[in-house]
Amino acid sequence: MDELDSVFNSALRSRIFEHREVLLPDYVPLELPHRSAEVKRLGEVVAPALRGERPSNAFIYGLTGTGKTAVTKYVLRRLSEAAVQSESQVSAIYVNARERETPYKVLADMAEQLGLRVPFTGLSIGELFSRIVKRLSRLTGIYIVVLDEIDYLVRRGDDVLYDLTRVNEQLGQSKVSIIGITNSVKLIDSLDPRVKSSLGEVQLVFSPYNAEQLKDILSSRAAKAFKEGVLDDGVIPLCAALAAREHGDARRALDMLRVAGEIAEREGAEKVTEDHVRRARAEIERDKVTDVIRTLPLHSKLILAAILDATGWGVTQVTTGEIYDTYRKLVRDLNLEEVTLRRVSGVLGELDMLGIIAGRIISRGRYGKTRVVELAVNPNTVADALSEDPLVGPVLPPKARVRQLRPDAL
DNA sequence: CATCCACCGGAAATAGGGGGGC
DNA sequence: GCCCCCCTATTTCCGGTGGATG
């Protein structure tokens, strides 16, 4: 038996997990603690579909990890079950706009869920849209379209959204209603007023969970996910407390719990301890940062390297202008074309959105208005991720001096 | 209190690489 | 083949702007 066999074998008989998948982000549980009011409310919204009436469009707002997606999927699953029972024609189409990224891909995903085969590129949005409409007009029944993380669709112009809200005008036997999900309040205002009024027929707001509620959620999942007695007493409270700090993000809490279990398993530990949770938290953070940086375009990486350099490995704050100067030196070393200051400003905004850096716009009066920026993550992680790039790696700034980094633990 | 710095950030346009329909 | 489309990264152009300074 070689090494790989033993890896496989230990995976076959986990000492820690019973049903690990229960902790995965896309798992929809059979019950949703502390969301019964929301479940009921959304249920009332979609229920008319069972009578063949088009449900109102709805807009769901709440921060990440507040159960928006889980509640929606849960309610729609129950709705389809009820529809089968009562022999009414109700179908749900779920599209995550962040995963699908562009209007084209969102529509392509919808088309496929309607049983349409479409090329992954080449068609115009309009063509794709009319194929969907054509398809729908041949079908009968109620179609509930869920657009999750709809902000990613709106940011690229909301024409598609507008067209979708009025698709019923072109249909006969079938009807479409839309449930939009977002975690950005600002989004609602930035919408075309017509879309806003149409989509906002019903609005649901999901509030964050507190630590107590998170504990309940974790406990009910952990009971299925883990073997009996493998969790130390402090594990769930710690996950709950850590996630409660980050605006009550249940997904975060579940991730921590799962990864803590994975670490314990990798190490062959008998139990999952609070220490495993702390390390899980650090590992999640590190992986997230590494993934993001790895997929950055070249110049974004170079700009990030410039920030690393200009801040002395995260010790100080720097302005856009300082970053630009440092960036230009780097680029000259590499004999590359440099991007404009406008672009650097844009990239800084993107890095901020991604949570890699934290910046704010300040005015220094006579000395101008600019953005001051600092690293928002561990500089070592950034440096490691950047050094993977064959072009960027060699021009990374040397670590200025050994300094005590903030421990990842509490 | 007007001035003016050092950028901010919207809009439109382009380049260049992916592909259609007919 | 021809002409059209999508998408990302970037450029060009340009009208702001908070507040220390004179």
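Just so it is clear: chains get the letters A, B, ... in the order the sequence lines come, proteins before strands, and each one is counted from 1.
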Taking 4.0 angstrom as the limit, do [X] and [Y] come out as a salt bridge?
X: A/Glu337; Y: A/Arg332; result: no
X: A/Arg266; Y: A/Glu283; result: yes
X: A/Asp333; Y: A/Lys329; result: no
X: A/Arg294; Y: A/Glu388; result: yes

Nearest-angstrom distance from the residue atom [atom1] of [X] to [atom2] of [N]:
X: A/Arg100; N: C/dC7; atom1: CZ; atom2: C1'; answer: 15 Å
X: A/Leu298; N: C/dT8; atom1: CG; atom2: C1'; answer: 14 Å
X: A/His299; N: C/dT10; atom1: NE2; atom2: C1'; answer: 9 Å
X: A/Glu350; N: C/dT10; atom1: CD; atom2: P; answer: 9 Å
X: A/Glu322; N: B/dC5; atom1: CD; atom2: P; answer: 18 Å
X: A/Glu337; N: C/dA9; atom1: CD; atom2: C1'; answer: 14 Å
X: A/Ile323; N: B/dC8; atom1: CD1; atom2: C1'; answer: 14 Å
X: A/Ile303; N: C/dA9; atom1: CD1; atom2: C1'; answer: 11 Å

Against the side chain of A/Val339, the closest entry in B/dC8, C/dT11, C/dC7 is C/dT11
Out of C/dC7, B/dC7, C/dT11, whichever nucleotide has its closest atom nearest the side chain of A/Thr319: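 The listed nucleotide nearest to A/Thr319's side chain is B/dC7.
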A side-chain contact here means heavy atoms from C-beta on lying under 4.5 Å apart; do [X] and [Y] qualify?
X: A/Asn96; Y: A/Tyr152; result: no
X: A/Val71; Y: A/Phe206; result: yes
X: A/Leu23; Y: A/Tyr27; result: no

Between A/Ser177 and A/Asn57, do the side chains contain an N or O donor and an N or O acceptor separated by less than 3.5 Å?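 No - no donor-acceptor pair under 3.5 Å links their side chains.
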For nucleotides 14-22 of chain B, just jot down a letter per nucleotide in 5' to 3' order: B, S or -, based on protein non-hydrogen atoms under 4.0 Å. ----BBSS-
Letter per nucleotide, 5' to 3', of nucleotides 12-22 of chain C [B base touched, S only sugar-phosphate touched, - untouched; heavy atoms, 4.0 Å]: BB---BBBBB-
Checking A/Arg35 against A/Tyr209: charged group under 6.0 Å from the ring centre and within 45 degrees of the axis?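 That pair qualifies as a cation-pi contact.
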Establish, yes or no, whether a centroid distance under 6.0 Å links the rings of A/Phe17 and A/Phe226. yes
Can you tell me if A/Ser345 touches the phosphate of B/dC8, counting only side-chain N or O atoms and a distance under 4.0 Å to OP1 or OP2? yes
Given B/dC5, is OP1 or OP2 found less than 4.0 Å from the side-chain N or O atoms of A/Thr370?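 Checking A/Thr370 against B/dC5: no side-chain N or O falls below 4.0 Å of OP1 or OP2.
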Give the C-alpha distance, both sets of side-chain angles, the deciding distance and a yes or no for salt bridge (charged side-chain N to carboxylate O under 4.0 Å, His left out) between A/Glu262 and A/Arg258. CA-CA 6 Å; A/Glu262 288 168 359; A/Arg258 189 194 74 230; 3.1 Å; yes
Salt bridge (charged side-chain N to carboxylate O under 4.0 Å, His left out) evaluation trace for A/Asp275 with A/Arg279: CA-CA 6 Å; A/Asp275 184 53; A/Arg279 279 152 61 198; 2.9 Å; yes
Quick one: label A/Ile125 by what it contacts on the DNA or RNA (base, sugar-phosphate, nothing), any heavy atom closer than 4.0 Å. sugar-phosphate
State the dot-bracket string of DNA chain B. Criteria: Watson-Crick or G-U wobble, both atom distances under 3.5 angstrom; notation: ( ) intrastrand, [ ] crossing earlier pairs, | interstrand, . unpaired. ||||||||||||||||||||||
